[in-house]
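Note that these values count all heavy atoms, side chains included, but never hydrogens, waters or copies made by symmetry. Numbering of residues begins at 1 and proceeds along the displayed sequence. Order of listing sets the numbers, starting from 1, for every ligand and every atom in it. The structure presented is a predicted model; accordingly, all values stated were derived computationally and were not measured.
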Amino acid sequence: MYNILSIQGMQWGDEGKGKITDFYSKKSDIIVRSNGGNNAGHSVVRNGIRYALQLLPSGILNPKAVNIIADGTVVSLSGLLEEIERIEKQGIKDFNLLISTRASIVMPYHQQLDKAKEIVLGKSKIGTTGKGIGPCYSDKAARLGLRIGNLIDKEYLKKRLEEVLPIKNIELKAFGIEEYTVEKMMEYFNDLTEKLLKKAKIIDTSNYLYNAIKEGKKILFEGAQGAMLSIDFGTYPYVTSSCALASAIPMNAGVPAETIKTDAIVGILKAYTTRVGEGPFPSEILDENANLIREKGHEYGTVTGRPRRIGWLDIAQVNFVVKISGVKHFSLMLTDVLSVVDEINICTGYELDGKVIDYYPANLSDLYKVKPIFISMKSWKEDISKVKKFEDLPKECQEYILKVEELTGGKVTLVSVGPDETETIVREELF
Ligand code: GDP
Ligand code: IMO
Ligand code: MG
């Protein structure tokens with residue numbers, strides 16, 4: 001049993017991180033989001049009500065827990081306020097939210113530049129969520145960013161805008177986007193900061209976590225996106241602009257590396273694979289099975305509503321992620337959905353130029369060429385969503401889960417059989 005648990009997406013996002021974070025959040029004192037922004041869309045379903053969370057940690061439904069938006073995130077003020085308004089309308093009014101002074105601000109022009117760059121890329125577009133994530137992280141690295149802490153020092157905020165806007169305006173002009181004045185931006189910030197401070201506290205969250213760890217608090221780190229969307233190890237350039245691996249949490253939340261124990265990472269693994277946006281997808285399903293899975297799994301983007309591309313479980317890819325992250329525990333998600341197909345394929349490896357390879361190609365040109373090697377298993381036809389014990393699952397389903405364990409060398413500690421928090425089979429308690 002661990003006091004600190006991390007949730008990591010094992011594929012291209014949308015694996016069900018929101019559901020599992022909510023599931024564990026009832027046992028948590030603190031839930032932390034440390035990468036990405038409102039490009040994430042994490043669904044939580046409780047009592048049949050669906051909550052779509054983007055930047056808010058998926059522990060927000062628990063009034064006793066403290067929810068942290070940490071240093072490595074990118075925060076759209078208007079996006080966050082809209083999200084808060086949305087959950088408040090759904091009756092979630094009692095929550096504790098802390099935002100790091102060091103988190104980056106997604107400026108209105110970041111969103112405009114994100115969309116403009118996609119248009120220029122044309123056929124080569126990334127298929128971003130259009131939330132300004134890439135331009136915001138670019139400005140952070142270029143030291144042209146603004147941080148949440150700047151909001152509470154008006155004088156410095158103005159000075160910072162005077163430094164940054166002349167440079168950004170050159171770029172905006174080149175894209176035919178209207179330039180910003182310091183006055184207009186100050187007005188924007190004054191209005192939104194006042195609203196935000198009524199809902200959240202801006203503090204040094206790294207320091208808060210330092211004390212919480214010392215006091216032995218139970219902490220849940222909620223990853224956003226998935227390992228294969230990570231800037232360094234994903235299918236670059238068809239990735240997001242942050243690192244989605246649990247190993248990035250210490251850097252993104254300002255906690256010591258030893259805080260994240262490899263054994264205490266739960267790899268969130270969809271029983272098949274999905275991807276939104278462009279990029280290579282070796283195990284993509286191109287026949288009718290894709291539609292069957294898409295409809296049964298409601299595989300449409302939470303943020304953009306785009307239909308998700310569907311593929312078979314790709315163990316070659318999962319094992320690459322296991323190699324770079326050390327993940328040993330999995331939560332196998334949307335297992336119930338596979339009952340719509342007769343036969344389930346699993347990609348166990350790749351062939352490149354006629355040879356079986358034992359590595360995951362780093363170059364896109366190779367990844368577009370690989371031929372997946374499949375094994376086939378029988379599906380089950382029963383509705384498994386009400387099953388509570390592994391032993392009560394249909395034999396074929398049990399075999400599928402055991403096969404995943406055999407092929408990855410990991411343990412499937414949770415089996416998710418439906419979107420609701422109650423539709424979860426616990427095989428081993430970790431937290
Ligand atoms: P996240 O981004 O990783 O949090 O995942 P999303 O919320 O974007 O997408 C996962 C989708 O699957 C959501 O609609 C969830 O409600 C749903 N979901 C999660 N687990 C299960 C499951 O075991 N079965 C089914 N049928 N749906 C699930
Ligand atoms: P969650 O946390 C799925 C994808 C986008 C696009 C690429 C870059 O819900 O799993 P960006 O807007 O980040 O610059 O887009 O990354 N993407 C996601 N796909 N789930 C996500 O988050 C994603 N966040 C970004 O579709 O292909
Ligand atoms: Mg999602």
Should [X] and [Y] count as an ion pair when the cut-off is N to O under 4.0 Å?
{"X": "D342", "Y": "K381", "result": "yes"}
{"X": "K17", "Y": "E222", "result": "no"}
{"X": "E85", "Y": "K89", "result": "yes"}
{"X": "R102", "Y": "D204", "result": "yes"}
{"X": "E171", "Y": "K117", "result": "yes"}
{"X": "E178", "Y": "K173", "result": "no"}

Margin query: Side chains of T240 and Q225: any donor to acceptor distance under 3.5 Å?
Written below: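 The criterion, which ignores hydrogens and geometry beyond distance, is not satisfied for T240 and Q225.
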Next item on the list: Classify the side-chain pair Q111/D114 by whether it contains a donor and acceptor separated by less than 3.5 Å.
Entry: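 Judged by distance alone, the side chains do not pair up.
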Give a yes/no verdict on whether any heavy atom in [X] is under 4.0 Å from an atom of ligand 2.
{"X": "V239", "value": "yes"}
{"X": "G127", "value": "yes"}
{"X": "K131", "value": "no"}
{"X": "G41", "value": "yes"}

Counting each atom of ligand 2 from 1 as listed, which ones have a heavy atom of [X] under 4.0 Å away?
{"X": "H42", "answer": "1 (P), 2 (O), 9 (O)"}
{"X": "G277", "answer": "27 (O)"}
{"X": "A40", "answer": "1 (P), 2 (O), 9 (O), 22 (O)"}
{"X": "A224", "answer": "2 (O)"}
{"X": "K17", "answer": "1 (P), 2 (O), 10 (O)"}

Note to self: Quick check against the 3.5 Å criterion: does K184 have a side-chain atom that pairs as donor or acceptor with the backbone of E179?
What the structure shows: no
Nearest-contact summary for [atom] - protein heavy atom, Å:
{"atom": "atom 15 (O) of ligand 2", "answer": "T128 CA, 3.4 Å"}
{"atom": "atom 12 (O) of ligand 2", "answer": "T129 OG1, 2.6 Å"}
{"atom": "atom 16 (O) of ligand 2", "answer": "L229 CD2, 3.6 Å"}
{"atom": "atom 13 (O) of ligand 2", "answer": "T240 OG1, 2.6 Å"}
{"atom": "atom 23 (C) of ligand 2", "answer": "Q225 CG, 3.7 Å"}
{"atom": "atom 26 (O) of ligand 2", "answer": "R306 NH2, 3.0 Å"}
{"atom": "atom 3 (C) of ligand 2", "answer": "D14 OD2, 3.2 Å"}
{"atom": "atom 27 (O) of ligand 2", "answer": "V276 O, 3.1 Å"}

Next item on the list: Output every pair passing ring-ring contact (aromatic ring centres under 6.0 Å, His included) with a member in residues 395-431, not counting sequence neighbours, ordered by first then second residue.
Entry: Y24-F431
Check: Centre of F281's six-membered ring, under 6.0 Å away, within 45 degrees of the axis: is that where NZ or CZ of R309 sits?
Finding: no
Margin query: For the Mg ion (ligand 3), what is the number of protein N, O or S atoms at a distance under 2.8 Å?
Written below: 2
Margin query: Could you walk me through whether L5 and K27 satisfy the side chain to side chain contact (heavy atoms under 4.5 Å, CB included) test, starting with their C-alpha distance in whole Å, then the side-chain angles of each, then the deciding distance to 0.1 Å, before giving a yes or no?
Written below: CA-CA 11 Å; L5 199 72; K27 294 183 179 175; over 6 Å; no
Next item on the list: Heavy-atom distances under 4.0 Å are what count here, so tell me which part of W12 touches ligand 2: side chain, backbone, both or neither.
Entry: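 Answer for W12: backbone.
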Item checked: Over all atoms of both residues, closest heavy-atom pair of R308 and H298 -> NH1-O, 4.4 Å
Next item on the list: Please step through side chain to side chain contact (heavy atoms under 4.5 Å, CB included) for the pair Q8 and V321, ending with a clear verdict.
Entry: CA-CA 10 Å; Q8 174 184 299; V321 175; 3.6 Å; yes
Margin query: Can you list everything that forms a side-chain contact (heavy atoms from CB on, under 4.5 Å) with P372? Sequence neighbours excluded, please.
Written below: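 Applying side-chain contact (heavy atoms from CB on, under 4.5 Å) to P372 gives C347, F374.
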Just list the N/O pairs, ligand 1 to protein, that are under 3.5 Å apart, with the distance for each.
{"residue": "ligand 1", "atom": "2 (O)", "partner": "D14", "partner atom": "OD1", "Å": "3.4"}
{"residue": "ligand 1", "atom": "2 (O)", "partner": "G41", "partner atom": "O", "Å": "2.9"}
{"residue": "ligand 1", "atom": "3 (O)", "partner": "E15", "partner atom": "N", "Å": "3.1"}
{"residue": "ligand 1", "atom": "3 (O)", "partner": "G16", "partner atom": "N", "Å": "2.8"}
{"residue": "ligand 1", "atom": "3 (O)", "partner": "K17", "partner atom": "N", "Å": "2.7"}
{"residue": "ligand 1", "atom": "3 (O)", "partner": "K17", "partner atom": "NZ", "Å": "2.8"}
{"residue": "ligand 1", "atom": "4 (O)", "partner": "K17", "partner atom": "N", "Å": "3.2"}
{"residue": "ligand 1", "atom": "4 (O)", "partner": "G18", "partner atom": "N", "Å": "2.8"}
{"residue": "ligand 1", "atom": "5 (O)", "partner": "G16", "partner atom": "N", "Å": "3.2"}
{"residue": "ligand 1", "atom": "7 (O)", "partner": "S43", "partner atom": "N", "Å": "2.8"}
{"residue": "ligand 1", "atom": "7 (O)", "partner": "S43", "partner atom": "OG", "Å": "2.7"}
{"residue": "ligand 1", "atom": "8 (O)", "partner": "D14", "partner atom": "OD1", "Å": "3.0"}
{"residue": "ligand 1", "atom": "8 (O)", "partner": "G41", "partner atom": "O", "Å": "2.8"}
{"residue": "ligand 1", "atom": "8 (O)", "partner": "T302", "partner atom": "OG1", "Å": "3.2"}
{"residue": "ligand 1", "atom": "8 (O)", "partner": "R308", "partner atom": "NH2", "Å": "3.2"}
{"residue": "ligand 1", "atom": "14 (O)", "partner": "R50", "partner atom": "NH1", "Å": "2.9"}
{"residue": "ligand 1", "atom": "16 (O)", "partner": "R50", "partner atom": "NH1", "Å": "3.2"}
{"residue": "ligand 1", "atom": "16 (O)", "partner": "R50", "partner atom": "NH2", "Å": "3.2"}
{"residue": "ligand 1", "atom": "23 (O)", "partner": "L334", "partner atom": "N", "Å": "3.1"}
{"residue": "ligand 1", "atom": "23 (O)", "partner": "S416", "partner atom": "O", "Å": "3.2"}
{"residue": "ligand 1", "atom": "23 (O)", "partner": "S416", "partner atom": "OG", "Å": "2.5"}
{"residue": "ligand 1", "atom": "23 (O)", "partner": "G418", "partner atom": "N", "Å": "3.1"}
{"residue": "ligand 1", "atom": "23 (O)", "partner": "G418", "partner atom": "O", "Å": "3.3"}
{"residue": "ligand 1", "atom": "24 (N)", "partner": "D336", "partner atom": "OD1", "Å": "2.8"}
{"residue": "ligand 1", "atom": "24 (N)", "partner": "G418", "partner atom": "N", "Å": "3.4"}
{"residue": "ligand 1", "atom": "26 (N)", "partner": "D336", "partner atom": "OD2", "Å": "2.8"}

